[in-house]
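Lettering of chains follows the sequences in order, A, B, ..., and the numbering in each one begins at 1.
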Number of protein chains: 2
Amino acid sequence: MGKQKILDSDLLEGLAKVFRSKGYDGANLSELSIVTNLKKASLYHRFPDGKKEMAEAVLIHIEEWVDKNIFDPLENKKVSPKKRLKNALIEIYNSYNGGKDNCIFRALSLEPGSELFQEKIGIGIQKWISAFEKLGLALNFTEEKSHEYAVQTLIDIQGSLVLTKGLNSTKFFENALKGIESRYLER
Amino acid sequence: MGKQKILDSDLLEGLAKVFRSKGYDGANLSELSIVTNLKKASLYHRFPDGKKEMAEAVLIHIEEWVDKNIFDPLENKKVSPKKRLKNALIEIYNSYNGGKDNCIFRALSLEPGSELFQEKIGIGIQKWISAFEKLGLALNFTEEKSHEYAVQTLIDIQGSLVLTKGLNSTKFFENALKGIESRYLER
DNA sequence: GTCTATAGCTAGATAGAC
DNA sequence: GTCTATCTAGCTATAGAC
C-alpha cells in the first residue's frame with residue numbers, strides 16, 4: 001500500500017507495457033530493465049521477489065488507476081448516470097489505447113501467471129462487474145438485469161479485444177464500446 | 001498439407017494442450033517432450049524448424065478439426081439450421097472443455113507469438129465469422145444482421161472464456177453459449 | 001525415427017563496489 | 001539506490017550413435 005507511493009509511476013507503467021504485450025513468461029528482465037531505465041540489480045533492489053513482485057505491483061498499480069479514473073467517476077452521484085457512462089467509456093477507450101493494447105488480465109491468464117495471479121485477477125474482474133452493476137441500478141434496472149448487463153459489458157470488452165488483436169482492426173473494440181453505450185442508454 | 005497426414009494426431013493434441021495453456025513463450029521443449037512421449041531430438045526430427053513449426057502444426061491441426069466438426073456440419077443443408085446450430089454449440093462446448101481450456105488464438109496472441117502467427121490466427125477467426133454468417137443467412141437474416149450476429153458470437157465466446165478463466169467459473173461460458181442460441185433461435 | 005549427450009546461449013537472480 | 005560483473009539453471013537447438 002504505502003510502498004507504491006514511493007515508486008515512480010513511470011516505472012510501473014514501463015513494466016506494465018511489457019507484461020501486457022508479452023505476458024508473464026514472455027516478459028524478460030532485460031527488456032524490463034530497458035523500459036524502466038534501471039539495471040537488473042536496481043530492479044531487484046526495488047522488487048526483492050523479482051519478476052513475480054514486479055507483475056504484482058503492476059496489477060496493483062493498474063487497479064488503483066482504474067479505481068480512480070473509471071470506477072469512482074462511475075459512482076459519482078453528482079453526475080447523471082448517462083454522463084458517467086459516457087465518461088467511463090472514454091477512459092476505457094483510452095486505457096486500452098483504442099483497442100491496440102492487451103488487457104493485463106488476459107496477458108497474465110496464461111500459465112504460470114494464471115496460478116500466480118489468479119486471485120488478484122479474479123478480484124479485479126469482479127470489481128469491474130460491480131461497478132457496472134451499480135450503474136445499472138442507478139439507471140433503475142432490476143438487480144438481475146444490472147448483473148446481466150454488467151457481465152455482458154465485460155464480455156464485450158474482453159471479446160472485442162481478442163478480435164481486435166486477431167484481425168488487426170480496432171473497429172471491433174470501437175463497435176463494442178458503442179454497443180455497450182446503446183445497451184444502457186437506448187430505451 | 002500432406003505432411004499432417006503422417007503425423008499422429010495424438011502428438012499434435014499433446015502439443016496443442018501445452019500451447020493453449022502456456023502460450024508460445026511459456027511452452028518449453030521439455031514439457032512438449034513429456035506430453036508427446038518423444039525426446040527433444042525426435043521432436044526436431046519431425047519439426048525441423050523447432051517450436052515455431054510445432055505451434056504452426058497445432059494451428060493447422062485445430063483448424064482442420066474445426067472445419068470438420070463445426071463448420072461443415074454448420075453448413076450441411078440436409079439438417080435444419082436450428083439443429084445445425086445446436087450441434088455446433090455442443091461441439092464448441094466440448095472443444096473448450098466446458099470453458100476450462102483456453103482458446104489457441106488467445107494463447108498465441110501474446111508476443112512473440114502474435115507476430116509469428118498473426119496471419120494464421122486472423123484467417124482462423126475470419127473462418128469462424130464466415131461460418132456463423134452463413135448460418136444467419138440460412139435463418140433468413142439480412143446480410144448485415146448475419147454479420148453482426150456472427151461477430152457478436154465470436155465476442156461472446158472469447159469474452160466469456162476470459163471471464164471463465166479469470167473468475168474460475170464455467171458458468172460464464174455456459175451462459176454465453178445459451179445466449180448465442182437464444183439470439184439466433186428466439187423470435 | 002528414436003535416442004543420449006551436449007553445445008551455445010539467455011534466463012532470472014545475486015554479490016559487492018561505489 | 002544504482003551500478004558492473006557474475007552465478008547457476010534453464011532454454012532452444014544440434015551432433016551423432018543405434
Side-chain angles (χ1 to χ4, degrees), chain A residues 2-59 61 104 107-108 110-117, chain B residues 2-59 61 104 107-108 110-117:
Chain A
K3 211 171 186 181
Q4 279 71 39
K5 302 294 177 191
I6 307 169
L7 296 166
D8 186 1
S9 87
D10 283 348
L11 169 63
L12 286 168
E13 273 150 38
L15 297 177
K17 190 181 164 191
V18 180
F19 282 115
R20 282 171 75 153
S21 62
K22 307 213 163 185
Y24 186 69
D25 235 283
N28 65 66
L29 283 164
S30 300
E31 186 168 3
L32 293 171
S33 167
I34 290 169
V35 296
T36 56
N37 288 311
L38 283 175
K39 299 297 177 186
K40 292 183 205 175
S42 303
L43 282 174
Y44 274 91
H45 176 77
R46 298 184 178 228
F47 305 98
D49 278 351
K51 198 162 84 159
K52 180 174 186 296
E53 188 175 350
M54 296 178 211
E56 279 171 352
V58 165
L59 276 172
H61 179 68
I104 186 81
L108 295 181
L110 294 175
E111 296 172 27
S114 53
E115 307 102 43
L116 294 174
F117 311 114
Chain B
K3 213 172 184 181
Q4 279 72 40
K5 301 294 175 189
I6 308 170
L7 296 166
D8 185 2
S9 87
D10 284 349
L11 169 64
L12 287 168
E13 274 150 38
L15 296 177
K17 191 181 163 188
V18 179
F19 282 114
R20 283 171 74 153
S21 61
K22 308 213 164 185
Y24 186 71
D25 234 287
N28 64 65
L29 283 164
S30 299
E31 187 169 3
L32 294 171
S33 167
I34 291 169
V35 296
T36 55
N37 287 311
L38 282 176
K39 299 297 178 186
K40 293 181 204 175
S42 303
L43 283 174
Y44 274 91
H45 176 77
R46 297 185 178 227
F47 304 98
D49 278 350
K51 197 161 87 160
K52 179 174 186 296
E53 189 176 349
M54 297 179 211
E56 279 172 351
V58 164
L59 276 172
H61 179 68
I104 186 79
L108 295 181
L110 295 174
E111 296 172 28
S114 54
E115 307 102 43
L116 294 173
F117 312 114

- [ ] Give the angle between the helix axes at the two ends of the helix from C/dG1-D/dC18 to C/dC18-D/dG1, taking five base pairs at each end and rounding to 10°.
- [x] 0°
Open item on the list: With heavy-atom distances below 4.5 Å as the criterion, would you say the side chains of B/D49 and B/E56 are in contact?
Closed with: no
Open item on the list: Using a strict heavy-atom distance below 4.0 Å, which residues from residues 15-23 of chain B are in contact with DNA chain C?
Closed with: none
TODO: For A/R20 and A/A107, work out which heavy atoms get closest and say how close.
DONE: O-CB, 3.4 Å
So which protein nitrogen or oxygen atoms get under 3.5 Å of nucleotides 7-9 of chain C's nitrogens or oxygens?
none

TODO: Say whether, by atom type as modelled, one donor and one acceptor occur between the side chain of A/Y24 and the main chain of A/K52 under 3.5 angstrom.
DONE: yes
- [ ] Would you give the length of the straight line joining atom CG of B/L108 to atom CD of B/E115, rounded to the nearest 0.5 angstrom?
- [x] 11.5 Å
Open item on the list: Which residues pass the side chain to side chain contact (heavy atoms under 4.5 Å, CB included) test with B/I34, not counting sequence neighbours?
Closed with: none
- [ ] Can you tell me the distance, in whole Å, between the NE2 atom of A/H45 and the P atom of D/dT2?
- [x] 7 Å
- [ ] Take atom CG of B/L38 and atom C1' of D/dT12, then tell me their distance rounded to the nearest Å.
- [x] 17 Å
Task: CG on B/D8 to CD on B/E13, rounded to 0.5 Å - done: 8.5 Å
TODO: Sugar-phosphate means primed atoms, P, OP1 and OP2; the rest is base. With that split, encode nucleotides 12-18 of chain C 5' to 3' as B, S or - using protein heavy atoms under 4.0 Å.
DONE: BBBB---
Open item on the list: Just to verify, what does B/K22 make a side chain to side chain contact (heavy atoms under 4.5 Å, CB included) with, not counting sequence neighbours?
Closed with: A/E111, B/V18, B/E31
Task: B/K40 versus B/S33, closest heavy-atom pair with distance - done: N-OG, 3.9 Å
TODO: Give a yes/no answer on whether the side chain of B/S42 brings an N or O atom under 4.0 Å of OP1 or OP2 in C/dC3.
DONE: yes
Task: Nearest-0.5 Å distance that lies between atom CZ in B/F47 and atom OG1 in B/T36 - done: 8.5 Å
Task: Closest approach of B/L110 to A/G23 (non-hydrogen atoms, all atoms of both residues) - done: CD1-CA, 3.8 Å
Open item on the list: If you define the side chain from C-beta out and look only at heavy atoms, does anything of B/F19 sit under 4.5 Å from B/M54?
Closed with: yes
Open item on the list: Please report the distance, rounded to the nearest Å, between CG in A/L11 and C1' in D/dT2.
Closed with: 13 Å
Open item on the list: Measure CG/A/L32 against C1'/D/dT2 and give the value in whole Å, please.
Closed with: 17 Å
Task: Spacing between B/E31 atom CD and D/dT12 atom P, to the nearest angstrom - done: 11 Å
TODO: Kindly compute the distance separating CG (A/L15) from CG (A/L59), expressed to the nearest 0.5 Å.
DONE: 11.5 Å
Task: Euclidean distance, B/L43 CG relative to B/L29 CG, rounded to 0.5 Å - done: 7.0 Å
